[in-house]
Protein chains: 2
Amino acid sequence: MHRPRKEMIAETRAKLITAARQAFGTIGYAEASMDDFTASAGLTRGALYHHFGDKKGLLQAVIAEIDGEMAARVNEVAARAPTRWQSFVDECTTYIEMALEPEIQRIMFRDGPAVLGDPALWPNANACVGSMTDHLTALQQDGVVVTGVDPETAARLINGASSQAAQRIANSNDPEATSKTVVAAFRQLLEGLLKKADGPADQRR
Amino acid sequence: MHRPRKEMIAETRAKLITAARQAFGTIGYAEASMDDFTASAGLTRGALYHHFGDKKGLLQAVIAEIDGEMAARVNEVAARAPTRWQSFVDECTTYIEMALEPEIQRIMFRDGPAVLGDPALWPNANACVGSMTDHLTALQQDGVVVTGVDPETAARLINGASSQAAQRIANSNDPEATSKTVVAAFRQLLEGLLKKADGPADQRR
DNA sequence: TCAATTGGCATACGATGCGTATGTAAGTAG
DNA sequence: CTACTTACATACGCATCGTATGCCAATTGA
């Protein structure tokens, strides 16, 4: 049998990723000692270097995992909206909600870009942007969104705004109230993508 | 006389800031060895710790300096626009242009937030956002921009979008062309802030 | 079943970089 | 002129990283 063997290996990989994710998400990448969090997983740095090459490699793996989860959540939300535009807006707000979680904010929006560079160049991450891009493309074909804007570009810009939105809410001393004003401003910006009213654009809401 | 004395001190501070700015802007904060770049300024870490407390303190000083320069540039551009809205748009595009510079992008948008946290909480930085906020407030009073959006919030969101815009341009293999599409999409988003010229009926649900 | 070998992971080592404690020389005040 | 402060350098200990090496279990082939 070589099943048990493979399973053990996958398990150690998973344990390392989980431990690193915990450490990166709380104290941050730079402050996370490899000795410490590998030990918390019952392992040593030896395992880490064997599987991931270095600390950055482990961060990439953590990011890939989180990105997968984010994409799943976004798709789930988008799937149960009545219209495409609504689906798109829900997608964006879900994105903001996720960016509110400290772990995601820290790893995906702060330490990640600082250590690995522009997220747009990450090989296995930001499936969310892909989803948003698809929605925008479809909305253009539906005549809801203005043509002339590149969907992926728009998705990236919205992405950046979302990140700021989340930070503003997260650092507020009254998150409830702040959330309302921030989401309102955010939606107002999105309106800029809509074709000017008075066509068959009633669908959009 | 204590003039020469004070001047020498200010000079060492300036030399440290300049050397650090160079190092942070090129190889990045984490990779910049304090021994190395203090030596490149003809000093040692002793001077650094004396004046700035620690590496983070020096980064703060560097950021404050850059922020001052950015604010100056933005104000200069904004001052010579015919209308307020145009002034605002110019301000934003100038912001994008500045974010294109590797040094600014690296220090202000990547390493800075990663090391010091949310820029909105920086004590002595982001004068640009303040300027944009003022413009938005005035534009609301002019009846150009929709009321109901918080100006500072909007400024922050735009800020985030600008940062993404700059990264997209900077990492493109055809920056000229990319710049056009990115700025186009960016302006389209800004349109969302404008009051609709004609009738009612365009309020959100 | 029993070598032989591979691969997963731990241990040991050297190097680098940070922060602090201490030293020193120049300037300042009484 | 003496005592004190200030600006900066030097010296030390500690943590952390990457690599080189070692060991043991699991797999493979006969």
Side-chain angles (χ1 to χ4, degrees), chain A residues 1-62 106-107 111-112 114-117, chain B residues 1-62 106-107 111-112 114-117:
Chain A
M1 280 275 182
H2 35 99
R3 273 298 155 195
R5 172 75 161 173
K6 290 291 174 198
E7 283 171 15
M8 291 305 292
I9 294 170
E11 190 181 330
T12 55
R13 275 186 64 98
K15 279 198 285 191
L16 283 173
I17 291 177
T18 301
R21 179 172 170 168
Q22 158 70 19
F24 294 164
T26 52
I27 60 177
Y29 176 85
E31 309 303 319
S33 159
M34 299 167 76
D35 279 321
D36 287 353
F37 68 73
T38 52
S40 83
L43 296 162
T44 69
R45 279 181 309 141
L48 192 159
Y49 280 102
H50 182 73
H51 285 291
F52 301 100
D54 60 353
K55 203 179 179 183
K56 287 185 181 181
L58 181 51
L59 177 61
Q60 282 184 357
V62 169
R106 181 107 208 198
I107 297 177
D111 291 351
V115 176
L116 302 177
Chain B
M1 47 169 72
H2 30 101
R3 271 296 153 193
R5 171 77 162 175
K6 290 290 174 198
E7 283 171 15
M8 291 304 294
I9 294 170
E11 189 182 330
T12 54
R13 275 186 62 99
K15 279 198 283 191
L16 283 173
I17 291 176
T18 302
R21 179 171 171 170
Q22 158 69 19
F24 294 164
T26 50
I27 60 177
Y29 176 85
E31 310 303 320
S33 160
M34 299 166 76
D35 279 321
D36 287 354
F37 67 74
T38 53
S40 83
L43 296 163
T44 69
R45 280 182 307 143
L48 192 159
Y49 280 103
H50 181 74
H51 285 293
F52 302 100
D54 60 353
K55 202 179 179 183
K56 286 186 183 180
L58 181 52
L59 177 60
Q60 283 185 357
V62 169
R106 180 107 208 199
I107 297 177
D111 291 351
V115 175
L116 302 177

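Given the structure is predicted, the values throughout are model-derived calculations rather than measurements. Here is the naming used below: chain letters follow the sequence lines, and residue numbers restart at 1 for every chain.
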Could you check how far CD of E31(A) sits from P of dC14(D), rounded to whole Å?
20 Å

Nearest listed nucleotide, side chain of R45(A), among dA11(D), dG8(C), dC17(D)
dC17(D)

Between dC18(C) and K55(B), is there an OP1 or OP2 to side-chain N/O distance shorter than 4.0 Å?
yes

Can you tell me the distance, in whole Å, between the CG atom of L48(A) and the P atom of dG18(D)?
9 Å

Mapping G46(A) and M34(A) to their closest nucleotides on DNA chain D, which lands nearer the 5' end?
M34(A)

How many whole angstroms separate atom CG of L58(A) from atom C1' of dG18(D)?
15 Å

In terms of side-chain heavy atoms of L43(B), which of dG8(C), dC18(C), dC8(D) is nearest?
dC8(D)

Counting the atoms with a prime plus P, OP1 and OP2 as sugar-phosphate, which does A32(B) contact under 4.0 Å by heavy atoms, base, sugar-phosphate, or nothing?
sugar-phosphate

Starting the side chain at C-beta, find the nucleotide from dA7(D), dC17(D), dC18(C) nearest to I9(B).
dA7(D)

In whole angstroms, the gap separating P of dA7(D) from NZ of K15(B) amounts to 15 Å

Could you check whether the rings of F37(B) and F24(B) sit parallel, tilted or perpendicular, using 30° and 60° as the cut-offs?
perpendicular

Mind calculating the distance between CG (D36(B)) and C1' (dG17(C)) to the nearest angstrom?
10 Å

Checking all strands, does T44(A) fall into the base, sugar-phosphate, or nothing category for heavy-atom contacts under 4.0 angstrom?
base

For the residue pair A20(A) and V62(A), what are the closest heavy atoms and their distance?
CB-CG2, 4.0 Å

Among dT16(D), dG19(C), dC8(D), the one nearest H51(B) by side-chain distance:
dC8(D)

Nearest to side-chain heavy atoms of D54(A), which nucleotide of dG19(C), dG18(D), dC9(C)
dG18(D)

Output the distance between atom NE2 (H51(A)) and atom CG (L16(A)), rounded to the nearest 0.5 Å.
6.5 Å

Rounded off to whole Å, could you give me the CD-to-P distance for the E11(A) and dG8(C) pair?
15 Å

Which pair of heavy atoms, one from I17(A) and one from A61(A), lies closest together, and at what distance?
CD1-CB, 4.0 Å

Would you mind reporting whether L48(B) and D54(B) have side-chain heavy atoms less than 4.5 Å apart?
no

Given dC9(C), is OP1 or OP2 found less than 4.0 Å from the side-chain N or O atoms of H50(A)?
no

What is the distance from CG of D35(A) to P of dC9(C), rounded to the nearest Å?
17 Å

Rounded to whole Å, how long is the line connecting atom CZ of R13(A) with atom C1' of dG7(C)?
15 Å

Does T12(A) place a side-chain N or O at less than 4.0 Å from the phosphate oxygens OP1/OP2 of dC9(C)?
yes

Nucleotide nearest Y49(A) (side chain, heavy atoms from C-beta), chosen from dG8(C), dG19(C), dG18(D):
dG18(D)

